[in-house]
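Indexing begins at 1, ligand by ligand and atom by atom, following the structure's order.
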Amino acid sequence: MIGRLNHVGIATPDIDATLRMYQELYGATVSRAKFELPAQGVSVAFIDLANSQLELIEPLGEASPVWSFLKKFPAGGQHHLCFEVEDILAARDALKAKGATVLGTGEPRIGAHGVPVIFVHPKDSGGVLVELMATPEH
Ligand code: CO
């Protein structure tokens, strides 16, 4: 079921400052500048890597789940891993059948890449929040 690592999600209190750091320190290429995803309560930006991406995530307000994450880790930190799956509904159903906890309603939402995503509770993944996304058209 599990496919390619699509991106590593990194929560930050300041996307612009973090982007600058990755650019200046690591020579990173920004593939998508900061934009808002109001439905998920976050702004995001993407850094391109040779084999994957980094997704920088900043909360839009106190209602955002990323706000609570930053309460625990004010300087920011690794927030989730995102793996591609061929069939998001089949993946969700298989996970639930095996007793995993799919967050929210369990219905896929449209993620930052414009394709459906679900999130799986960290307790089912060695303490790491997992995002599964439908494989995008390459
Ligand atoms: Co993500």
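- The aromatic rings of H113 and H7 sit parallel to each other, their planes meeting at less than 30°, with 60° as the upper class boundary.
- Side-chain contact check for D48 versus F46: every heavy-atom pair is 4.5 Å or farther apart.
- Protein nitrogen, oxygen and sulfur atoms, that is N, O or S, within less than 2.8 Å of the Co ion (ligand 1) amount to 4.
- Applying the side-chain hydrogen bond (donor to acceptor under 3.5 Å, both in side chains) test to E86 and every residue at least two apart in sequence or in another chain returns nothing.
- The CG atom of L81 sits 11.0 Å away from atom CG of N6, with the distance rounded to the nearest 0.5 Å.
- Atom CD of residue E131 and atom OG of residue S125 lie 12.0 Å apart, to the nearest 0.5 angstrom.
- Rounded to the nearest 0.5 Å, atoms CG (L5) and CD (Q53) are 10.0 Å apart.
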